[in-house]
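Here the structure comes first, spelled out in structure tokens, and everything after it is commentary.
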Amino acid sequence: MTTPLRVLYVCTANICRSAYADVRSRSLVSADAVAFASAGVWGFDRAPLEELMAARAVERGADPSGFRSQRLSPDLVAGSDLILTMARDHRTFILDDWPGAVTKTFTLSQFADGLAALPDAAAGVHAIEAVRARRNPPRRDGDVADPYRQGVAAAAACAAEIDRLLGVILPRLAGPHLRPE
């Protein structure tokens, strides 16, 4: 049996964007193929998924009840095969503190864009290596907007954007281990 690919999602407080991506990914991919985690660069520790984002997760078939936030740590960075941030400033934070993580740290949209440009044959760790080799800088308009305290419409838009990007990323990382929705 092979070790699962380890993917870490990162945002500010780990209660909205990265938390949603984590919970949603776990609902879509077998843990045998990919192990997901999430963290915040500045935020909360042991907080649940924010209420409006949790409702979006439940609407889409994910169970956020066991989720608890955590702060980004050196162990989380070192233990990840791929780090996907919700915005460019999160990526910059990571690279300022852990410059050696540059080869595995992308914004969510940057990684999705990189995968979209690859031949369909690249999957799993090979997809990560291929995106790394063809790395383009993150787009200025590629940040996932923070829905915190912005209301239901912002939470819905955030969830839809993350789902759209995960729709590009997860099939390539998980291959046949992707669960049907």
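All of these numbers come straight from a predicted model, not from anything done at the bench.
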Q: Could you check if a side-chain atom of Asp143 sits within less than 4.5 angstrom of a side-chain atom of Met86, using non-hydrogen atoms only?
A: no

Q. Which residues satisfy the side chain to side chain contact (heavy atoms under 4.5 Å, CB included) test with Ser30, sequence neighbours excluded?
A. Asp32, His177, Arg179

Q: With sequence neighbours excluded, tell me which residues meet side chain to side chain contact (heavy atoms under 4.5 Å, CB included) with Gln150.
A: Ala154

(Q) Give me each pair satisfying ring-ring contact (aromatic ring centres under 6.0 Å, His included) with a member in residues 142-167, each pair once, sequence neighbours excluded. (A) none

Q: May I ask you to decide if Arg24's main-chain N or O and Ser27's side chain share a donor-acceptor pair within less than 3.5 Å?
A: yes

Q.
Once side-chain hydrogen bond (donor to acceptor under 3.5 Å, both in side chains) is applied, do any residues pair with Ser80, and if so which ones, sequence neighbours excluded?
A. none

Listed pairs under 3.5 Å, donor-acceptor, residues 109-116 side chains, sequence neighbours left out:
from, atom 1, to, atom 2, distance (Å)
Ser109, OG, Gly142, O, 2.8
Gln110, OE1, Thr107, N, 3.0
Gln110, NE2, Asn136, O, 2.6
Asp113, OD2, Arg139, NE, 2.6
Asp113, OD2, Arg139, NH2, 3.4

Q. According to a 4.5 Å side-chain heavy-atom criterion applied to Ile, Leu, Val, Met, Phe, Trp and Tyr, with indirect links allowed, do Val29 and Phe67 form part of one hydrophobic cluster?
A. yes

Q. Does Arg135 have any salt bridge (charged side-chain N to carboxylate O under 4.0 Å, His left out) partners at least two apart in sequence or in another chain, and if so, which?
A. none

Q. Is any side-chain heavy atom of Met53 less than 4.5 Å from a side-chain heavy atom of Arg17?
A. no

Q) What residue pairs, at least two apart or across chains, pass salt bridge (charged side-chain N to carboxylate O under 4.0 Å, His left out) with a residue in residues 67-76? A) none

Q) Honestly curious: do Val10 and Ile162 fall in one hydrophobic cluster under the side-chain, below-4.5 Å linking rule? A) no

Q.
Could you check whether atom CD of Glu59 has more than 12 heavy atoms from other residues, nucleotides or ligands sitting under 6.0 Å from it?
A. yes

Q | Rounded distance (nearest 0.5 Å) linking atom OG of Ser69 with atom CZ of Arg46 | A | 8.0 Å

**Q.** side chain to side chain contact (heavy atoms under 4.5 Å, CB included) partners for Val152, two or more places apart
**A.** Leu52, Arg56

Q: Applying side-chain hydrogen bond (donor to acceptor under 3.5 Å, both in side chains), name anything that partners Asp81, two or more places apart in sequence or on another chain.
A: Arg6

Q: Check whether any side-chain heavy atom of Leu82 sits under 4.5 Å from a side-chain heavy atom of Val125, and report yes or no.
A: no

Q | Separation between CG of Asp163 and CZ of Arg60, rounded to the nearest 0.5 Å | A | 5.0 Å

Q. Linking I/L/V/M/F/W/Y whenever any side-chain heavy atoms sit under 4.5 Å apart, do Leu5 and Leu108 land together?
A. yes

Q) Do side-chain atoms of His90 reach the backbone of Ala87 as a donor and acceptor pair under 3.5 angstrom? A) yes

(Q) Could you check whether Tyr9 and Thr85, counting side-chain N and O atoms only, form a donor-acceptor pair closer than 3.5 Å? (A) no

Q. So do the side chains of Leu165 and Val144 get within less than 4.5 Å of each other, counting heavy atoms only?
A. yes

Q: Please tell me if the side chains of Leu170 and Ser25 come closer than 4.5 Å, counting only heavy atoms from C-beta onward.
A: yes

Q: Would you mind reporting whether Leu118 and Arg172 have side-chain heavy atoms less than 4.5 Å apart?
A: yes

Q. In chain order, what residues pass the salt bridge (charged side-chain N to carboxylate O under 4.0 Å, His left out) check against Asp63, with sequence neighbours excluded?
A. none

**Q.** Gln70: side-chain hydrogen bond (donor to acceptor under 3.5 Å, both in side chains) partners, not counting sequence neighbours
**A.** none

**Q.** Check: Lys104 side chain, Arg132 main-chain N or O, donor-acceptor pair, under 3.5 Å
**A.** no

Q) Which heavy-atom pair separates Pro99 from Asp96 by the least distance, and what is that distance? A) CD-O, 4.2 Å

Q | Atom pair CG (Leu72) and SG (Cys11), whose distance is rounded to the nearest 0.5 Å | A | 10.5 Å

Q | Reported CG-to-CG distance for the pair Leu84 and Leu173, which is rounded to 0.5 angstrom | A | 7.5 Å

(Q) Once rounded to the nearest 0.5 Å, what's the spacing between atom CZ of Phe93 and atom CH2 of Trp98? (A) 5.5 Å

(Q) Quick check for you: to the nearest 0.5 Å, what is the distance between Cys158 atom SG and Asp146 atom CG? (A) 7.5 Å

Q. Between Ile15 and Pro48, what is the shortest heavy-atom contact and its length?
A. CG2-O, 3.8 Å

Listing, residues 35-42 side-chain donor-acceptor contacts under 3.5 Å, not counting sequence neighbours, or none:
from, atom 1, to, atom 2, distance (Å)
Ser38, OG, Asn14, ND2, 2.8
Ser38, OG, Asp22, OD2, 2.9

(Q) Check for me, please, whether Val34 and Val77 land in the same ILVMFWY cluster - side-chain distances under 4.5 Å, paths through other members count. (A) no

